[in-house]
Amino acid sequence: MSVDEYDRVVVKIGGAKAVEPEGALADIASLVDGSARSADERSSGERSDPREEGVELVVVHGGSTAVDEALERMGMEPEYVETPSGVVGRFTDAETMDVFKMAMAGQVNTDLVTGLRNAGADAVGLSGVDGGLLTGARKSAVRVVEDGKRKIRRGDHSGRIGSVNAALLETLLADGYTPVASPPMLADGGVDGQSPSADGTESRYVAVNTDADRASAAVAGALGATLVSLTDVEGVYADPEDPNTRIERVTTPGEYEALTDAAEGFMSRKVMAATEALEGGAPEVVVASANADEPVRTALEGEGTHVL
Amino acid sequence: MSVDEYDRVVVKIGGAKAVEPEGALADIASLVDGSARSADERSSGERSDPREEGVELVVVHGGSTAVDEALERMGMEPEYVETPSGVVGRFTDAETMDVFKMAMAGQVNTDLVTGLRNAGADAVGLSGVDGGLLTGARKSAVRVVEDGKRKIRRGDHSGRIGSVNAALLETLLADGYTPVASPPMLADGGVDGQSPSADGTESRYVAVNTDADRASAAVAGALGATLVSLTDVEGVYADPEDPNTRIERVTTPGEYEALTDAAEGFMSRKVMAATEALEGGAPEVVVASANADEPVRTALEGEGTHVL
Amino acid sequence: MVDCPECGAGVDLHDDLEVGEIVDCATCGAELEVIGEGPVDLDTAPELEEDWGE
Amino acid sequence: MVDCPECGAGVDLHDDLEVGEIVDCATCGAELEVIGEGPVDLDTAPELEEDWGE
Ligand SMILES: [Zn+2]
Ligand SMILES: [Zn+2]
């Protein structure tokens, strides 16, 4: 498929060190400004029509490495907890949440916006708090397993996205901006465990952590956009040991079952996010490598694992 | 003057601990949603017309206390330098700049946006980097005085705002949002002292520190908005020792001269910012106390020092 | 021995219980959260949907 | 003794000069920035507009 056939794309990038964003940022900027050329045009030296419109593109990023680094610099230990089914996730108490905001919305987001502007895209950074971009219920209690004991941990700053302010993104896209969105999200349900505000009432909304893959899925679904989820591998492999077994295209229930069977570890999160994106309204999800010269373009043109 | 006569207002709040924002946030939210009542209406118990439109309002904030606290938590010493004329300012090297982004754009901005949303305003946070909101030349070298010696210090991450992307603010205001803007700004001139990017070229744009009072002045000027600059005193006093000498209104060159003579220390920055706002297109600047129940409303209705 | 808040039967408690820990009622099978330790106080543990973190 | 890059006259230097320090040429009055210390190297100090920080 040619890039021209995609009008609207959400690109998920890691923000972690393992996923170098430089190539992705230049690629994103070239897709946005419409100077994009297809692979055929590139090989033939042909230039695309300069009047051609660019792709409407939204970037969603994570940055848990930056959060861990900031915690470490402040002498705090990142805390990961294991759920009864064995999934490991961050436990985010109030103090950790402050550092999360700093690293994610302050450093990673600002650096990506600056990088995209240097690459030529008119980027605007947003956290899920801005304009209520990503809102939903807070989950302050979580079931965990510690030393074989089942426990309930309370005070987690975490939430599940229930709605996306797509209108804010549409407004920015219509004006030619490239929104760059990230956690935190805005949770409704801050009362539990929150400090009262000056007037004695408790705050209803509170900024909390949410999974960046799911955030990208929610945004792609709300915008009806194709989701390109860049990661450090080239897609989902039927046999992770065999580079010739990349699953290229998933269109049938049988292929989907094979995909979920093949996805292990963090890749199973990508597949869960892909499912949520498709259920939410995204026409297609591509899981592909960030470590390519033009990772978004080549993903749209066929690299990676395409789920429809 | 009544609040109804102001259509567009920029409110500068400190973000520092000394200036408690709770009262300001509720006040801002009530002004934005048009449920604002004048002092007369309040005293008579009369409600304003619910169809009445709210004020278009932009918040600009600083947060140097939060930056200093974050530096301290990371074991870094904030560095302040003195210029030849005796002005003390922050020296922001690359490592300090990272912490600045975290504390200012990550923590203070997110917390203010969350606070405003809890108060009922549909706030959207922006740093000066977003959409090139605040751009200008970088100033990487600065003349300082250390131990009586004049020196040139290089590598400062600081800049002077040359332009404001007013269109981005107008778009958000037109959609009913309350933009919440802060440093850093985006400086053109990152080449000096910047690390090269992956492709060997150096980055042109870099996020740098800029004075939040001047940022508020630039935004008010660009929007043709009245600037309400909230601080920890009730205005400029002809005699700072005598609470009966508040300068209420400055409209003539003579009054302006008296104002600049009276303003000392940080207040002289407020007066310089007021001058820049007025020269840039703001119709009026009010310097008033943040520590009032309704600090913005009462400032617009006559409290503080009004400069026209 | 503390009574199960669900069925009223006595619940056997091991030593070194911690607040937040979940114990099962041997009689009715309810999952019970330790909400206090001195003395031990039990309440029905909340059902919580498992998520997959950040 | 190092030559003034502006007028060529010798500039008297005190001990413990630091890079970045500004010295005046006694002959032409130019402000000179110490851009190296071993040996001392001088260049015309840049005019810099004073700002008033963050
Ligand atoms: Zn029972
Ligand atoms: Zn000379």
Side-chain angles (χ1 to χ4, degrees), chain A residues 20-23 25-26 66 70 72-76 98-111 113-115 117-119 122-127 129-133 135 165 167-168 171-172 174-180 184 186 190 197-199 201-207, chain B residues 20-23 25-26 66 70 72-76 98-111 113-115 117-119 122-127 129-133 135 165 167-168 171-172 174-180 184 186 190 197-199 201-207:
Chain A
E20 176 61 56
E22 287 286 347
L25 302 190
E72 193 184 328
R73 290 183 65 184
M74 294 191 180
M76 294 165 70
D98 272 342
V99 181
F100 184 98
K101 286 178 244 172
M102 289 188 195
M104 191 73 83
Q107 187 177 26
V108 179
N109 192 275
T110 304
D111 287 350
V113 169
T114 304
R117 298 195 68 81
N118 274 304
D122 199 353
V124 173
L126 297 167
S127 82
V129 172
D130 295 317
L133 180 63
T135 50
N165 182 354
L168 174 56
T171 293
L172 292 170
D175 280 9
Y177 296 108
T178 301
V180 179
L186 189 71
S197 61
D199 60 0
T201 61
E202 302 212 327
S203 298
R204 175 175 171 186
Y205 296 109
V206 60
Chain B
E20 176 62 55
E22 287 284 347
L25 301 190
E72 194 185 327
R73 290 183 65 184
M74 295 193 180
M76 295 165 69
D98 272 341
V99 181
F100 184 98
K101 285 179 247 174
M102 289 188 197
M104 192 73 84
Q107 187 176 27
V108 179
N109 192 274
T110 304
D111 287 348
V113 169
T114 304
R117 297 193 69 80
N118 273 306
D122 198 353
V124 173
L126 297 167
S127 82
V129 172
D130 295 318
L133 181 64
T135 52
N165 182 354
L168 174 56
T171 293
L172 292 171
D175 280 8
Y177 295 108
T178 301
V180 179
L186 189 70
S197 61
D199 61 0
T201 60
E202 302 212 327
S203 297
R204 175 173 172 187
Y205 296 108
V206 61

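Here is the naming used below: chain letters follow the sequence lines, and residue numbers restart at 1 for every chain.
Interface remark: B/Ala207 contributes backbone and side-chain atoms alike to the contact with chain A (heavy atom separation under 4.5 Å). At a 4.5 Å heavy-atom cutoff, A/Val180 makes no contact with chain B through either its backbone or its side chain. Contact of B/Leu168 with chain A is made through backbone and side chain together, with heavy-atom distances under 4.5 Å.
By the side-chain contact (heavy atoms from CB on, under 4.5 Å) test, B/Ala119 pairs with B/Ala29, sequence neighbours left out. Partners of B/Asp130 under the side-chain hydrogen bond (donor to acceptor under 3.5 Å, both in side chains) rule, at least two apart in sequence or in another chain, do not exist in this structure.
Ranked by heavy-atom pairs under 4.5 Å with chain A, the first of B/Ala167, B/Gly131, B/Ser127, B/Ala105 is B/Gly131. For the set B/Thr171, B/Leu133, B/Thr114, B/Asp175, the entry with the most heavy-atom pairs within less than 4.5 Å of chain A is B/Thr114. Across B/Thr178, B/Asp122, B/Val129, B/Leu186, the residue that shares the most heavy-atom pairs under 4.5 angstrom with chain A is B/Val129.
In this structure, CE on A/Met74 lies 11.0 Å from CD on B/Glu72, to the nearest 0.5 angstrom.
Here the options are A/Asp111, A/Asn109, A/Thr110, the test is side chain to side chain donor-acceptor pair (under 3.5 Å), and the partner is B/Lys101; only A/Asp111 passes. Tested against B/Val124 for a side-chain contact (heavy atoms from CB on, under 4.5 Å), the candidates A/Val124, A/Leu172, A/Leu126 yield a single pass: A/Leu126.
By the 4.5 Å heavy-atom criterion applied to side chains, B/Tyr177 and A/Asn165 are counted as neighbours. Within the 4.5 Å cutoff, the side chain of B/Val99 has heavy atoms near those of the A/Arg73 side chain.
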